K.L.:
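Below is the structure I would like to discuss, written out as structure tokens.
This is a predicted model, so every value here is computed, not measured. Residue numbers begin at 1 in each chain, while the letters A, B, ... track the order of the sequences. All heavy atoms count here, side chains included; hydrogens, waters and symmetry mates do not.
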Amino acid sequence: MQAVDDEFLTPEPDDEAGEGEPARFTLSDIDIQRTIEALVFASSEPVSEAYLADRLPRGTDVAAAMHQLAAFYAGRGVNLLRVEDRWAFRTAADLSFMIRRDETEVKKLSRAALEVLAIIAYHQPVTRAEIEEIRGVQTSKGTLDVLMEAGWVRFRGRRRSPGRPVTLGTTISFLDHFGLEELRDLPGLEELKGAGLLSGRIPPNFNIPIPSLGDDLTEDEDPITQLDLEELGLLAPSGGDE
Amino acid sequence: MQAVDDEFLTPEPDDEAGEGEPARFTLSDIDIQRTIEALVFASSEPVSEAYLADRLPRGTDVAAAMHQLAAFYAGRGVNLLRVEDRWAFRTAADLSFMIRRDETEVKKLSRAALEVLAIIAYHQPVTRAEIEEIRGVQTSKGTLDVLMEAGWVRFRGRRRSPGRPVTLGTTISFLDHFGLEELRDLPGLEELKGAGLLSGRIPPNFNIPIPSLGDDLTEDEDPITQLDLEELGLLAPSGGDE
Amino acid sequence: MATDTSKSATPMEKLWQDADDRAVTDPALVIDVSGFEGPLDLLLHLARTQKVDLQRISVLALAEQYLLFIDSARKVRIELAADYLVMAAWLAFLKSKLLIPQQVRGDDGPSGEEMAAILAFRLKRLEAMREQATMLVNRNRIGRDIFVRGAPEHIPQSSQSAFDASLYDLLSAYANLRQRQAITQVTIERRKVWSLVEARQLLTDMLGEIGDWTALQDYLLQYMPAEERVTATASAFAASLELVREGKLEMRQDGAFQPIYMRQGQKRPVAVKLTEQENDSAGG
């Protein structure tokens, strides 16, 4: 469909037979318009009149139909426009701000970010060092920043262990976004296996933690203070990471 | 309908000024329709009414506008379709043969995957054990995986029953893909429910077959012959096939 | 009770025996089991040969056909998945129940007729799901019959997040990662051992539908390949102890070396009810 080049204009066998005849089948005017609408709509690129003519009954006055259609859409929110010698639907110029305004374009989460997020979800409360241990690679600060920016990860507290590392956990927005009622809804080992996500040989000591329930700190966590955050440089004002 | 969750109503500066007033700006009905057209047309995914309401003057009856628009496009080559509380433009089904592409882009599903999909759709929320109970066979690895990857099946949560098994259900993409407005539109859903075929337990109105204790065939039975078995591929002649 | 699986061939068996003999003596015949999606699927195929409504099939005849099929398959050394053998054991039990006159019926288990009804129900339900699957796949589908905007201009966010990720993305990332980290070089050759999990599943499946005191062994072992009997017995016994501990199973043995009888634990029906309620409330 996206290919509108002439080389794709392979006529059907019965076309050949009907060569020279006025039309192999007939469509009412409205059906011609409907077909054009559908073809232009579904195409990923502007569509030539020749492309349309090939798909319409022989003898259809495509040019005329296009102008009728263009007139029909002229007052609508979407216009049928001629772009060079091809046709495409475009948002009406006076409304284009509606589309652009929202261009906080959605970013795909990177694989690293997904991994870190998943580890935080399953293993929380978890420290950065623990995440790195599970992943086997260092986590760039940018990755955590992205997850914080998305609002899915938060600082929970500080582990009562040497160095008092900060513990990380997920947020309510995280549950909302991923359609989970509670953390315990995350599938466990058997369920991941059953869904085919874990496959092959799994070592006997392999386990998947069941995430803790609430937001309450565990006994080996201390609450986190504003001071802590600043001290740790976690609240760096500039976003010059990544 | 136009009400979005309060927390998401981050009003823009000019909204603040207009707070309490009936509307910060007014749009004629046609402009409301044009705006909706532009927003929905621009997207390939269904767009939620909440999303639209957020971009229209406060107080706009989005639902009513949607139905008007849907009626307007009903006879066109591109229709405005509802999927749950979302809307999308899609080419009219009757034009399928006009625009069908040579290489179908539709995911080919194995018979098992299709069966599992139907069971999930009709029985949701359903656990994997229940799916296996219905099919009488273990779900092979990769079946659920394929359905989840296609975006048609998702983990829904956990059943509040012993063992708290994870439940599965379908997604909005599933409805969209199969042209269903909502789950209630699943073909034959009511009949199946009425016949008790969607419950885990044998329905009281299900005829209990009276097993013939004798060895004689009942009048509507034919004896099974070797030929029958062969015909069914149960006893295929060796080497002959495949 | 209900352990009468004596080989005293009923005339019906005789009839099948003949067919059986033919199948075995004729080397040109092999059994193709690969085309079936499990024992229920096979039963459904067999039921269709009866050419009657599923609610009116002769379950007994169906059981006979199935057992014949399994026997033939085993005689020509077709390796059958455990699912098929479990179903065979269950059907053998069902058959014996159906053939035994009603008078020995206790209160603590479904009658043969009830079990037959359950089987017919399951077949009917599976067939219904098959039909729905066909209807579904033949609907106008996006990408085949219906098309989306070919050149979308933006993707509006349904959720308010600026980042896009689905639960599936998250879980597969996690599963992949954990698996990658868990790779071990040790490869243990797979021996045919019935794992505890398998045995557990098997017992629960069968007891779930029998519910009466049964010497399960008799039915089960009959359908196990000879080389698997020991492991199957051991695992089933271990699994049964576990199930007893959980109250899901009751066991009885009248004396040393006597058959071990099992039945479903009496706590189970409560759990089933709970599940149903949950199902209803969530489904509405």
K.L.:
Kindly determine whether A:Phe41 and C:Phe147 satisfy ring-ring contact (aromatic ring centres under 6.0 Å, His included), including the steps that lead there.
P.N.:
CA-CA 8 Å; A:Phe41 172 84; C:Phe147 297 87; 9.5 Å; no
K.L.:
Can you tell me if A:His177 uses its side chain to pair, donor with acceptor, with the backbone of C:Leu167 under 3.5 Å?
P.N.:
no
K.L.:
Does C:Arg149 make a cation-pi contact with A:Phe89, if we ask for NZ or CZ under 6.0 Å from the ring centre and within 45° of the axis?
P.N.:
no
K.L.:
Evaluate salt bridge (Lys or Arg N to Asp or Glu O under 4.0 Å) for C:Arg180 paired with A:Glu115, printing each intermediate quantity in order.
P.N.:
CA-CA 12 Å; C:Arg180 208 163 63 228; A:Glu115 284 179 7; 3.3 Å; yes
K.L.:
Do A:Ile208 and C:Tyr174 have side chains that get closer than 4.5 Å, going by heavy atoms?
P.N.:
yes
K.L.:
Show me the donor-acceptor pairs within less than 3.5 Å that the side chains of residues 69-80 of chain A make with the rest of the protein, sequence neighbours left out.
P.N.:
from, atom 1, to, atom 2, distance (Å)
A:Tyr73, OH, A:Glu37, OE2, 2.7
A:Arg76, NE, B:Glu37, OE1, 3.4
A:Arg76, NE, B:Glu37, OE2, 2.7
A:Arg76, NH2, B:Gln33, OE1, 3.3
A:Arg76, NH2, B:Glu37, OE2, 2.4
A:Asn79, ND2, A:Tyr73, O, 2.8
A:Asn79, ND2, A:Ala74, O, 3.4
A:Asn79, ND2, A:Arg76, O, 3.3

K.L.:
Check this for me: A:Glu181, atom CD, are more than 12 non-hydrogen atoms of other residues, nucleotides or ligands nearer than 6.0 Å?
P.N.:
no
K.L.:
Flag yes if more than 12 heavy atoms outside C:Glu131 fall under 6.0 Å of its CD atom; otherwise flag no.
P.N.:
yes
K.L.:
I need the minimum non-hydrogen distance between A:Ser44 and C:Ala151, along with the two atoms involved.
P.N.:
O-CB, 3.6 Å
K.L.:
Under 4.5 Å heavy-atom distance to chain C, tell me which part of A:Thr91 shows up: side chain, backbone, both or neither.
P.N.:
both
K.L.:
Side chain from CB out, backbone as N, CA, C, O: work out which of these in C:Ser166 comes under 4.5 Å of a heavy atom of chain A, or both, or neither.
P.N.:
backbone
K.L.:
In Å and rounded to the nearest 0.5 Å, what is the CG to CZ distance from A:Leu197 to C:Arg178?
P.N.:
14.0 Å
K.L.:
Would you mind telling me which of A:Leu189, A:Val40, A:Val116, A:Val146 has the largest number of heavy-atom pairs within less than 4.5 Å of chain C?
P.N.:
A:Val146
K.L.:
Atom CG of A:Leu109 and atom CG of C:Leu170: how far apart are they, to the nearest 0.5 Å?
P.N.:
8.5 Å
K.L.:
Quick one: does C:Leu177's side chain get under 4.5 Å of A:Leu114's, heavy atoms only?
P.N.:
no
